[in-house]
2 protein chains.
Amino acid sequence: MSVTDELLANAEQYAATFEKGDLPLPPARKIAILACMDARLNPYGLLGLSEGDAHVIRNAGGVVTDDEIRSLSISQRLLGTEEIVLIHHTDCGMLTFTDDEFKRSIQDETGIKPEWAAEAFPDVDEDVRQSLARIKASPFIPRKESVRGFVYEVETGKLREVV
Amino acid sequence: MSVTDELLANAEQYAATFEKGDLPLPPARKIAILACMDARLNPYGLLGLSEGDAHVIRNAGGVVTDDEIRSLSISQRLLGTEEIVLIHHTDCGMLTFTDDEFKRSIQDETGIKPEWAAEAFPDVDEDVRQSLARIKASPFIPRKESVRGFVYEVETGKLREVV
């Protein structure tokens, strides 16, 4: 039995007791969370989110590329969110390599060098500030009054704001 | 008090009872979930995921662009995941507009036309197949033995596989 099959069995349990079939499309709390994909970072548990509350956008590092600008733009312009929370974290995989190394290893194996940046970073606080700066610089995100960045400490469960 | 401040208060509660400070960086279940950012879709509740289990990647639509190829490539190549689950859903915001309309409205308001695709789609099953096809076509994702796509029904809580 694959892990996918095990998760599908869990999904059947979820549907069996499901009672939230009438939630509206726009997020009730009018907020978008942009966080790293890391397995130890659970935005629902950490922030007390429930179904219907918030858009949750995630990728390797919690970085801001064109695709996050796309998602945040759709979130604010079409679905009414007004606040943004960015979450990076300690012990991140993105701290363990460089773009050059990663892309060289792929080129050596496949013969093709990725045309995209891997977005590795040497300092997590600095990269939160980088992500904040990219959002502030984007002409496509209309609401920037409440854009705040945090580091989640996987060792302690605490969330620390980057200022 | 902003919604962000309310979520930060929840985060203090989370940290107060936190007991998972020794989880390893690589996901225990060796799986990556790629899902839409929609507020009604909670991958933790739906799939029974806990802290440490899985990478969770999300964006508007749950689509596959270069940034998702980047995240999945890092997930598999550096952190050992072997399976991929894609989740789109019914009543998706991406079904309610076209790229041309969305980009025109931004251009009219800001004077700048986004250089990225908005990735809107007219049919959710078709777009799950599109996402599967983009992953299968990528030279940068090494493990493709278990890549499966699903539609989550926000009305019923059920997960339906797209074949």
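Lettering follows sequence order; numbering is per chain, from 1.
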**Student:** In terms of heavy-atom proximity below 4.5 Å to chain B, should A:A117 be classed as side chain, backbone, both, or neither?
**Tutor:**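 Interface part for A:A117: backbone (N, CA, C, O).
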**Student:** Donor-acceptor pairs are to be reported for all side-chain atoms of residues 19-34 of chain A against protein atoms at under 3.5 Å, with residues two or more places apart or in another chain.
**Tutor:**
{"unit_1": "A:K20", "atom_1": "NZ", "unit_2": "A:E51", "atom_2": "OE1", "d": "2.9"}
{"unit_1": "A:R29", "atom_1": "NH2", "unit_2": "B:E6", "atom_2": "OE1", "d": "2.3"}

**Student:** Determine the option with the most heavy-atom pairs under 4.5 angstrom with chain A, choosing from B:I112, B:L79, B:L159.
**Tutor:**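 Option with the greatest count: B:I112.
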**Student:** Between A:G157, A:C36, A:G61, which shows the greatest number of heavy-atom pairs under 4.5 Å with chain B?
**Tutor:**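 Heavy-atom pair counts peak at A:G157.
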**Student:** Check whether A:A11 gets within reach of chain B through its side chain, its backbone, both or neither, counting any heavy atom under 4.5 Å.
**Tutor:**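 It is both, since atoms from each part get that close.
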**Student:** Which atoms of A:L72 come close to chain B, meaning under 4.5 Å heavy atom to heavy atom: side chain ones, backbone ones, both, or neither?
**Tutor:**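 No part of it gets close to chain B.
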**Student:** A:N59, A:D38, A:L41, A:I84: which one forms the most heavy-atom pairs within less than 4.5 Å of chain B?
**Tutor:**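 Heavy-atom pairs under 4.5 Å are most numerous for A:N59.
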**Student:** Under a 4.5 Å heavy-atom cutoff, which of B:L7, B:D53, B:V63 has the most pairs with chain A?
**Tutor:**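 Highest number of heavy-atom pairs under 4.5 Å: B:L7.
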**Student:** So which residue, A:E119, A:E82, A:E12, A:E161, ends up with the most heavy-atom pairs under 4.5 Å with chain B?
**Tutor:**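 That would be A:E119.
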**Student:** Report which part of A:L78 has an atom under 4.5 Å of a heavy atom belonging to chain B: side chain, backbone, both, or neither.
**Tutor:**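 Contact with chain B: side chain only.
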**Student:** Hey, are B:D5 and A:R148 close enough for a salt bridge, meaning a charged N less than 4.0 Å from a carboxylate O?
**Tutor:**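 Counted as a salt bridge, because a side-chain N and a carboxylate O are separated by less than 4.0 Å.
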**Student:** Quick one: of A:G52, A:A120, A:P43, who has the most non-hydrogen atom pairs under 4.5 Å with chain B?
**Tutor:**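 Most heavy-atom pairs within the cutoff with chain B belong to A:G52.
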**Student:** Between A:S138 and chain B, with a heavy-atom cut-off of 4.5 Å, which part of the residue counts as in contact: side chain, backbone, both or neither?
**Tutor:**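 A:S138 has no heavy atom closer than 4.5 Å to chain B.
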**Student:** Need one label for A:V85: side chain, backbone, both or neither, based on atoms under 4.5 Å from any heavy atom in chain B.
**Tutor:**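 Contact with chain B is through the side chain of A:V85 alone.
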**Student:** Relative to each other, are the rings of A:Y152 and B:Y14 parallel, tilted or perpendicular (30° and 60° limits)?
**Tutor:**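 Rings of A:Y152 and B:Y14: tilted, as their planes differ by 30° to 60°.
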**Student:** So which of B:R70, B:E153, B:H55, B:E155 has the biggest tally of heavy-atom pairs under 4.5 Å with chain A?
**Tutor:**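 Maximum pair count with chain A is reached by B:R70.
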**Student:** Heavy-atom distances under 4.5 Å only: say whether B:E109 touches chain A with side chain, backbone, both or neither.
**Tutor:**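 For B:E109, the side chain is the part near chain A, not the backbone.
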**Student:** Between chain A and each of B:S75, B:C92, B:S73, B:G111, count heavy-atom pairs under 4.5 Å; write down the option with the most.
**Tutor:**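 Max contact count across the listed options: B:S73.
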**Student:** Identify which of B:P139, B:S146, B:P114, B:G48 forms the greatest number of heavy-atom pairs closer than 4.5 Å to chain A.
**Tutor:**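 Top count of heavy-atom pairs under 4.5 Å with chain A: B:P114.
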**Student:** Quick one: what part of A:S2 sits under 4.5 Å from any heavy atom of chain B, side chain, backbone, both or neither?
**Tutor:**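 For A:S2, backbone and side chain are both near chain B.
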**Student:** Could you tell me the separation between the CG atom of A:L49 and the OH atom of B:Y44, rounded to the nearest 0.5 Å?
**Tutor:**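 Output value for this atom pair is 11.0 Å.
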**Student:** Checking heavy atoms, do the side chain of A:K103, its backbone, both or neither come under 4.5 Å from chain B?
**Tutor:**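 Nothing of A:K103, per the 4.5 Å heavy-atom cut-off to chain B.
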**Student:** Looking at chain B, which one of A:T110, A:I57, A:I106, A:L46 has the largest number of heavy-atom pairs inside 4.5 Å, strictly under?
**Tutor:**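 Most heavy-atom pairs within the cutoff with chain B belong to A:L46.
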**Student:** What part of A:E68 lies closer than 4.5 angstrom to a heavy atom of chain B: side chain, backbone, both or neither?
**Tutor:**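 Contact with chain B: side chain only.
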**Student:** Between B:T65 and chain A, which part of the residue has a heavy atom less than 4.5 Å away: side chain, backbone, both or neither?
**Tutor:**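 When you check distances to chain A, only side chain atoms of B:T65 fall under 4.5 Å.
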**Student:** Among A:A16, A:A118, A:A39, which residue has the highest count of heavy-atom pairs closer than 4.5 Å to chain B?
**Tutor:**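 Of A:A16, A:A118, A:A39, A:A39 has the most heavy-atom pairs under 4.5 Å with chain B.
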